[in-house]
Structure formats: C-alpha cells, structure tokens
Asker: 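Structure incoming, see below.
Here is how names work: the chains are called A, B, and so on, in the same order as the sequence lines, proteins then strands, and each is numbered from 1.
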4 protein chains.
Amino acid sequence: MLKIADRAFSSRLLVGSGKYRSAQVMHDAIAASGSELITFALKRVELEQPQDDLVTPIQQLGLQLLPNTSGAKTAEQAVFAAKLARQALGTDWVKLEIHPDPNYLLPDPVETLTAAEQLVKQGFVVLPYCGADPVLCKRLEEAGCAAVMPLGAPIGSNRGLISRDFLQIIVEQAQVPVIIDAGIGAPSHAAEALEMGADAVLVNTAIATAADPVAMAEAFKLAVLAGYQGRQAGGRAPSIGRAEASSPMTNFLESL
Amino acid sequence: MLKIADRAFSSRLLVGSGKYRSAQVMHDAIAASGSELITFALKRVELEQPQDDLVTPIQQLGLQLLPNTSGAKTAEQAVFAAKLARQALGTDWVKLEIHPDPNYLLPDPVETLTAAEQLVKQGFVVLPYCGADPVLCKRLEEAGCAAVMPLGAPIGSNRGLISRDFLQIIVEQAQVPVIIDAGIGAPSHAAEALEMGADAVLVNTAIATAADPVAMAEAFKLAVLAGYQGRQAGGRAPSIGRAEASSPMTNFLESL
Amino acid sequence: MLKIADRAFSSRLLVGSGKYRSAQVMHDAIAASGSELITFALKRVELEQPQDDLVTPIQQLGLQLLPNTSGAKTAEQAVFAAKLARQALGTDWVKLEIHPDPNYLLPDPVETLTAAEQLVKQGFVVLPYCGADPVLCKRLEEAGCAAVMPLGAPIGSNRGLISRDFLQIIVEQAQVPVIIDAGIGAPSHAAEALEMGADAVLVNTAIATAADPVAMAEAFKLAVLAGYQGRQAGGRAPSIGRAEASSPMTNFLESL
Amino acid sequence: MLKIADRAFSSRLLVGSGKYRSAQVMHDAIAASGSELITFALKRVELEQPQDDLVTPIQQLGLQLLPNTSGAKTAEQAVFAAKLARQALGTDWVKLEIHPDPNYLLPDPVETLTAAEQLVKQGFVVLPYCGADPVLCKRLEEAGCAAVMPLGAPIGSNRGLISRDFLQIIVEQAQVPVIIDAGIGAPSHAAEALEMGADAVLVNTAIATAADPVAMAEAFKLAVLAGYQGRQAGGRAPSIGRAEASSPMTNFLESL
C-alpha cells in the first residue's frame with residue numbers, strides 16, 4: 001500500500017483530469033486507470049458551485065481529490081488558490097504547483113518551498129511538484145510535505161525519465177513518498193519509475209491525449225503494476241560486460 | 001494474437017529455461033509468465049531420452065518447444081544440432097543461434113544466414129537470433145524465416161534496447177514477426193519493445209536470476225501487456241519542446 | 001570573446017585547482033589549459049598570508065582568481081566566506097557554492113539565491129553553482145549574478161551532460177553567460193556543451209586526476225575550441241530519419 | 001601515426017567529397033580538415049577522363065584517394081566498381097560500400113564480406129563500411145581488410161555514436177584500425193569516438209552541409225585531436241556515484 005499522510009492507497013498511479021476530449025471519456029479513463037488520487041486544476045471547478053460534473057463523480061467513486069494550484073506564479077498566489085480549493089471542496093489535500101514561466105511550466109524552487117512551509121502550517125496535506133533536485137526535495141520533506149513530486153522531464157514533453165540520475169538520489173534519500181510527475185509519455189516510462197524506486201507516478205497528457213484514452217489508462221495501470229512487481233521481485237538485473245561462457249554443447253558440436 | 005508460421009499465440013512473451021536455480025522454480029516461473037513458447041539449449045535435454053523433467057512438463061502444458069542451437073559456432077554445427085533436436089523432440093521449430101565469440105555470445109551474420117537458408121529448405125520453422133541489422137533481418141525474412149530475433153543489447157547485459165534506432169527500422173520493414181531477444185533486463189524494457197512495434201520479446205536471464213523468479217515472470221507478463229496495449233491505444237505521445245500555455249486561473253490569480 | 005561582468009576572456013575553459021598531485025603539476029596544467037579564470041577553495045589559501053604558492057603564480061600569470069565558497073552549507077556561511085576571500089585576495093569575484101549534502105555535494109537552490117542577492121548588493125561579481133533548473137537560473141540572473149553555472153551531472157561523476165534537456169532551456173533563456181559546471185568528464189562532453197550553446201565550461205576532476213593532467217588540459221582546450229567553432233560554423237546538423245536516395249552509379253551498376 | 005596497410009597518416013580524420021555546394025568549398029574544407037584520406041563516389045569522376053577537378057587537386061596535395069563503391073547493391077557490382085576505380089585512378093585503395101536498401105543506405109553484411117574476400121585476393125586495400133557488428137568486423141579483419149569502418153548511426157542521421165556499446169567491443173577486439181563511419185554529426189561525436197578507442201572517424205555530411213563548411217572542417221580537426229589526446233592522457237574518468245566529502249573549510253564555517 002502507498003501511504004500518503006494518513007491515507008493508504010492500493011494504486012500507485014495518480015492521474016489528472018485535464019485535456020480529455022469529453023467528461024465521459026475522462027470518467028471512463030479514470031475508472032480504467034484504477035487511480036484513487038485525482039488531480040485537477042482549480043479553473044475546472046466552479047468555485048461557487050463545486051458539485052459539478054468533474055468533482056461529484058470523483059467523490060462518489062470514493063477517490064481522493066487533489067486540487068492543484070496550476071496557474072500560480074508566486075507563493076502568495078498558490079496559498080490563496082489552495083485556500084479557495086479547501087473552502088470549495090472540503091479537502092486539505094493540495095498539489096502545489098508554481099511555475100512562473102509560460103513556455104515550459106517548470107516549477108520555481110524558491111516560491112515552492114515558501115508556499116509549502118506556509119501551507120503545512122495551515123494544516124494542508126501538501127504534495128509539491130518540483131524539479132528533480134535532491135536538496136530541494138529534502139527541504140520540502142523537512143518542511144512537512146506529505147510527499148515530493150519531482151519531474152521526470154519537462155511537462156508535456158513525453159520524454160520519460162531524463163532526470164533519472166537525480167531521481168535515483170531523491171529516492172535514496174527520501175523519507176516521504178516520491179511521486180514522479182511530468183514527462184511520463186509511455187507505459188514503459190511509468191514501469192521504469194517504479195522499478196527505480198519511485199513510490200508512484202502521475203500521468204495526465206499521455207493518457208488524456210491518446211487515441212484511445214481508456215485503453216491507455218489500462219496500459220498505464222498494468223505498467224505501474226509491472227514496474228512495482230519487478231522491483232519487489234529483486235529489481236533490475238545488473239549490467240554486465242561479458243556474457244557467460246558458451247554452452248557445454250560447444251565441445252560436442254566441435255568434435256563432429 | 002501473435003502468429004508465427006501456422007501457429008497463433010496469445011502471449012507475446014517468450015521465455016528461456018536456463019539459469020534457474022531448480023527445475024521447480026523454472027516450471028513455476030514459466031507458468032507465471034503465461035508464455036506459450038519456451039526456448040532451451042539442446043544440452044539441457046538428454047538427446048537419447050528426451051522425456052526428461054524439462055521437456056515433458058512443457059509438452060504437458062501444451063506449450064511450443066523451441067530448441068535452440070546455442071553452442072554452435074558455424075552454420076554446419078547449427079544445422080546438425082537442429083536436426084538432432086528434431087529427431088529427439090519431434091518439433092520442426094528451432095531458434096537458430098550461432099555465436100563463435102565466447103566473450104559476448106554475439107551472433108555471426110553470415111553463418112546465420114547460411115544456416116537459415118539450409119534449415120528452411122529442410123522444412124524447419126526457423127527463428128534466427130541476429131544483430132539489430134535491418135539488411136540482415138530482411139535477408140533472413142527473404143530466406144523464409146518465420147520470424148526474426150534481433151538483439152536489444154549484448155546477451156546477459158540487461159542494458160535494454162540500446163539498439164533502438166535500428167530496431168525501429170527493422171520493425172518498420174519486417175513482414176514477419178519481430179521478437180526482440182537479448183539485453184532485456186527489466187519489465188520496462190519489455191514494455192518499451194512492444195510500444196515501439198516489436199511483436200514479442202524473449203526474456204531469460206532477467207527472470208531466471210531474479211531474487212524471486214516467479215514474481216519477476218509475472219512482472220514481465222504485465223509489462224508486455226502494458227506495452228502492447230499502449231501501442232494499440234495510440235502509442236507514445238510525441239516529444240514536444242514547449243508546454244502548453246498556463247491555465248486560465250493565471251489571470252484570476254494575478255488580478256488579486 | 002567571453003564577457004563576464006566587465007572583463008573579457010579569450011578562453012572558454014575555466015579550471016579548478018584542487019585534487020592535483022602536486023603544485024607543479026597544477027601550474028603546468030593550468031598553463032596548458034589556456035584558462036584565464038581559475039577557481040579554488042578558500043581552504044587552500046592561507047587566509048592570513050595569501051601570497052602562497054597557489055595564488056601568487058596565478059596572479060603573476062595575469063589570470064582572474066575565482067575563489068569559491070565550497071564547504072558552506074548555508075547562505076550565511078557562504079557570505080562570510082566570500083568576504084574573507086575578498087579581504088585576503090583583493091578580488092570581488094566569487095564562485096558561490098552552497099551544498100549542505102555531504103554525499104553528492106549538490107547545491108541548495110534556496111540558500112544559493114539568498115546568498116547571491118546579498119553578495120550582489122555588497123558589490124561582488126557572483127557566479128553561482130546551481131542545479132540545471134531554468135527557473136532558478138533566471139532568478140539568479142535577475143538577482144544580478146554575472147553568470148550562472150548549472151551542473152551537467154553530479155560533481156565528480158564524470159557523466160557528461162545528463163541534464164542536457166534542461167541546459168538547453170537555460171541557454172535559450174539566459175541573458176548572462178552560462179558556464180556548465182560539474183560532471184564534465186571527457187573532452188567530448190566539453191565540446192558538446194559549447195555546441196549546444198553554453199558560453200563556457202568549468203573542468204576540475206577530469207583534468208586534475210587524469211594520468212597525464214597537462215596533456216588532458218590541452219585536450220580540453222582543444223575540445224572547447226572545437227565545440228565553439230562547431231557552433232559558429234552552423235551547429236549540429238539536424239537528425240534525420242532516412243538517408244538520401246542512393247547514387248547515380250546505381251543504375252549504371254545494375255545495368256551490367 | 002595512424003597506419004593503414006603500408007601507409008602512415010598523421011591525421012585521424014577522413015572526409016568525403018560529396019554534398020558540397022561547390023568544388024571550391026570542397027577543396028577549401030578538405031584543406032582545412034587536415035585530412036589525408038579522401039573518399040568519393042565513383043559517379044563523381046569521369047571514368048574515361050579521371051583528371052577532373054575533383055581528383056587532380058587531391059592528388060596534387062599528396063592525399064590518398066579512397067574511391068568508394070556507393071551505389072552497389074551486390075558483391076558483384078561492388079567488385080566491378082572497384083576495378084573500374086583502380087583502372088581509372090591508379091589506386092588499389094577502396095572503401096567498400098554495399099547497401100541494397102534505398103531508404104537508410106545500411107550496409108549488407110553478407111555481400112560485404114563476400115566482396116571483401118574477393119577484393120583482398122585481387123590485391124586491393126579494402127576498407128569496408130559495415131554495421132557495428134563485432135563478429136562481422138572480426139571476419140572482415142580475418143578476410144584481410146586493412147581496416148573496418150563500422151557505423152555510429154544510420155548514414156546522414158547525425159545521431160552520434162548510438163551503437164557505442166557495440167563499437168566498444170569492436171575496438172577491444174580489433175587488430176586492424178577501426179574507423180567510425182556514418183552518423184557523426186558534431187565535433188563532440190568525433191571526440192567521443194577517439195576517446196573510446198577508435199583509430200579514426202570519417203565525416204562527410206556534417207561538414208559538407210554546414211553553414212560554413214570550412215570552419216566546420218577545422219572544428220572537426222580540433223575535435224579529433226582533442227579526443228585522441230584525451231585518450232592518450234588517460235581516457236575518460238570513471239563514473240562515480242558519490243562525490244568526495246566536503247572541504248576542510250566546512251568545520252571552520254560551521255564553528256562561526
């Protein structure tokens with residue numbers, strides 16, 4: 001089981017709710033993914049009238065809502081957005097995202113730490129999206145974050161775990177769950193994340209924009225199970241330089 | 001379904017029978033893998049008395065035996081070994097392996113083509129292990145091979161699909177199944193192979209030498225399903241340079 | 001010419017002074033490298049008596065001293081160390097390094113930005129070592145740093161530009177020089193850095209610990225020239241999928 | 001010095017003569033490259049009147065002509081083309097290229113070995129272009145080839161040494177010079193090839209199609225020197241996992 005704060009999850013796949021071509025497809029894909037933790041941008045809920053067609057079905061399924069602060073460019077904006085979400089949705093959980101840059105949506109490490117410190121003090125369960133920066137992840141953990149969410153590659157790039165050398169250090173040092181976010185563009189990327197020791201992955205673009213999002217959600221579900229089971233079964237075999245000597249058959253064949 | 005020659009398989013995972021710590025573990029791992037096509041070295045069968053503890057259970061499970069010619073260093077030796085196997089086991093199927101080099105067990109392209117031509121003429125269903133060489137794969141196909149088995153990385157290296165640029169060309173050009181063999185050291189590697197268009201993978205070392213071979217066999221089974229389903233669902237999303245513009249929430253938050 | 005603050009350099013290779021087996025080898029390697037900007041840890045100068053065998057020869061050669069704050073774990077310590085160096089050596093230039101973690105010596109983004117802001121206000125020419133984090137680099141630039149020094153890979157790892165996707169974004173966005181620091185373990189890595197748009201590289205371990213440090217310093221000098229000239233000559237040719245059609249000779253040969 | 005057959009070369013950079021925008025640019029780029037061994041397709045010489053504007057200047061510069069058999073799809077065609085070249089140009093040297101596939105121009109291993117055997121018997125100095133296949137390279141060497149020319153990546157792809165794991169094995173096993181051909185798209189690729197033990201590289205597209213071919217030729221010349229000197233100076237430093245412990249300054253700074 002994956003434990004975040006005081007809650008346990010049987011799925012290690014988090015999914016987003018954006019970029020789907022219809023609400024129906026989104027719902028079906030979320031169901032197919034088996035995910036129990038669903039992130040969505042605040043913009044997508046009617047803040048005065050939160051029981052919309054996004055939130056209600058997720059709550060009815062018993063899934064954990066994880067509103068994010070996407071769109072915030074400063075700690076102040078992110079804290080404000082988190083409070084709005086708590087008020088509207090009745091959840092303390094928040095995915096903290098602060099990205100001042102409009103081109104690559106890369107997170108701001110300094111604003112993120114500042115906002116995390118404030119939100120933790122105000123009782124939020126904080127899951128910050130951040131660079132694959134081992135020192136920053138440690139500081140976010142020390143600030144009381146419930147997990148860290150380092151990126152595998154720039155968001156939407158579908159490039160996989162290009163920051164794997166740093167992710168490896170993060171996983172080695174973390175004492176809260178490590179959820180790899182951003183850049184995961186294929187089931188094999190998700191499997192690799194779990195194999196290398198990540199506790200979970202978050203996938204949005206690769207599922208939502210697939211030709212068949214429901215089938216792709218299932219593919220990711222399987223891949224996460226495969227990667228996690230592979231790690232439990234002993235992990236990736238070490239790379240070796242030379243193969244073993246050839247078979248005993250050789251001598252027999254050469255004697256003919 | 002995966003079709004090779006005149007036979008259809010529901011599993012896209014081929015496994016080997018070598019390097020297991022016991023026959024029992026091997027049998028349990030093969031069962032857990034769901035594989036229907038099992039390769040083994042001739043040395044491992046008693047050629048005069050083939051109903052040994054390896055072959056019999058595989059045949060009882062209704063699985064396809066795929067004897068290989070591992071240990072052969074020339075076309076002549078490989079053809080001889082294939083005939084021995086046919087006589088002893090009653091199967092025309094053969095995985096053709098010719099690797100004169102004792103250090104890396106890399107296949108010999110010239111001897112492999114020569115042997116393939118001879119074996120096809122003699123009625124064998126030939127699946128040749130070969131380098132990730134698109135021209136050679138095409139020639140093996142033209143010679144009548146039932147599939148081609150290009151390597152992902154040196155055998156036993158567990159390095160994954162390091163020859164992926166060439167495998168991509170092979171997959172694009174092939175009109176027989178492409179089964180990626182050698183180098184697959186983790187479930188994520190197997191998923192990637194299927195995602196990129198391979199029809200199947202063969203895994204031996206990574207399962208047989210895992211801390212828990214049975215659990216690892218299941219992990220590979222899941223990974224192959226994940227990769228294949230990911231391809232069916234639309235394949236890997238394209239890599240893009242820049243993220244999409246930030247959310248509508250931005251303007252709202254900035255106006256505060 | 002590479003311009004940093006108000007000074008111009010004809011060399012785009014910065015070197016360090018640590019890990020050499022003798023002062024003589026260090027001096028010869030620095031001379032062979034052609035570097036005009038030499039970094040060294042404060043520990044290595046006698047703070048009360050700075051005219052030691054490290055500093056004096058560098059000054060006599062007319063090279064720019066770049067003391068670093070290696071060993072500092074907080075902004076406060078780094079600012080203190082920078083002031084000590086200014087007093088002892090009479091230079092405003094400082095390479096800002098803050099790495100609280102003893103295992104990987106990775107930089108702390110938050111402390112680094114805090115210290116940079118303070119040092120700039122106090123008249124220092126600040127070159128901060130930092131993660132390959134585009135948002136952080138932009139903030140360091142906005143704080144008045146004279147250059148940014150993102151890492152290619154963990155220090156001493158000799159892994160090359162494993163953070164190249166992020167370095168590319170940094171180079172694209174920066175309006176101060178980008179000097180790639182840490183991880184450069186071979187001349188080809190240095191050439192790649194310049195090809196991709198970096199303004200300079202800093203190399204220490206790979207030269208100082210080479211079998212022949214003087215020859216290796218020359219190799220890096222050549223590689224930096226090669227990479228820079230390659231960029232000036234038009235940069236890396238784009239990757240293409242298919243080769244051009246074969247030659248006019250084909251028809252002739254086929255007609256024989 | 002690089003020795004191929006009975007001739008010694010001070011340059012480890014081979015260049016081609018194709019794809020230049022003018023004969024003048026080609027000549028200037030060849031001169032700037034410092035190359036002493038120039039390959040060109042037969043189509044580009046007037047076979048009846050070989051003293052054309054390509055061949056004459058190369059011969060006047062004292063460089064070794066290396067006609068290639070580009071366009072040949074079979075061993076027979078390649079042998080025929082080599083004989084034409086010998087007759088027309090008075091050189092026994094030939095770069096053997098046989099690529100039946102019009103899309104990727106990848107070499108045919110079987111035809112190449114067959115042609116190499118015939119050409120060696122007929123007194124040619126044979127340099128075969130081939131896949132990065134260690135077994136094939138060994139067989140070409142045993143057939144009497146003067147060097148082997150494995151590809152780094154598909155020709156014209158500019159992808160660098162994507163077959164590096166196999167090139168490493170080839171370099172380790174070869175007893176004739178290994179010249180990496182095809183795929184080298186940037187000076188850093190050439191430097192890496194020399195660092196990893198290749199004896200030389202062949203570059204054509206990346207120079208000929210650069211914005212400034214003459215400057216790019218110089219960049220490659222420098223890169224080859226850098227890579228070779230880096231290897232002589234001790235080679236790439238090994239990748240390590242953890243950095244060294246922090247500096248003695250730490251204790252001092254922490255005591256403040």
Asker: If you take all heavy atoms of C:Ala223 and D:Ala226, which pair is closest and at what distance?
Answerer: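 In terms of heavy atoms, the two residues are closest at N-CB, 3.5 Å.
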
Asker: Might you confirm whether atom CD of C:Gln118 has over 12 heavy atoms from other residues, nucleotides or ligands at distances under 6.0 Å?
Answerer: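 It does: C:Gln118 CD has more than 12 such atoms within range.
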
Asker: Among C:Arg231, C:Glu76, C:His189, which residue forms the greatest number of heavy-atom pairs with chain D at distances under 4.5 Å?
Answerer: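 Most pairs with chain D among the choices: C:His189.
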
Asker: Look only at the side chain of C:Glu195 and the backbone of D:Ala186, and say whether a donor-acceptor pair between them is shorter than 3.5 Å.
Answerer: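 The answer is no, because no donor-acceptor pair under 3.5 Å joins these two groups.
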
Asker: Where is the tightest heavy-atom contact between C:Ala211 and D:Gly234, given as atom of each residue plus distance?
Answerer: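 Heavy atoms of C:Ala211 and D:Gly234 come nearest at CB-CA, 3.9 Å.
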
Asker: Looking only at non-hydrogen atoms, find the nearest pair between C:Met216 and D:Gly230 and report the distance.
Answerer: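 Reported closest heavy-atom pair: CE-O, 3.3 Å.
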
Asker: Among D:Ala193, D:Ser188, D:Ala219, which has the most heavy-atom pairs under 4.5 Å with chain C?
Answerer: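 Most heavy-atom pairs within the cutoff with chain C belong to D:Ser188.
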
Asker: Between D:Gln229 (side chain) and C:Ala215 (backbone), is there a donor-acceptor pair under 3.5 Å?
Answerer: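 Judged by distance alone, yes, a pair lies under 3.5 Å.
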
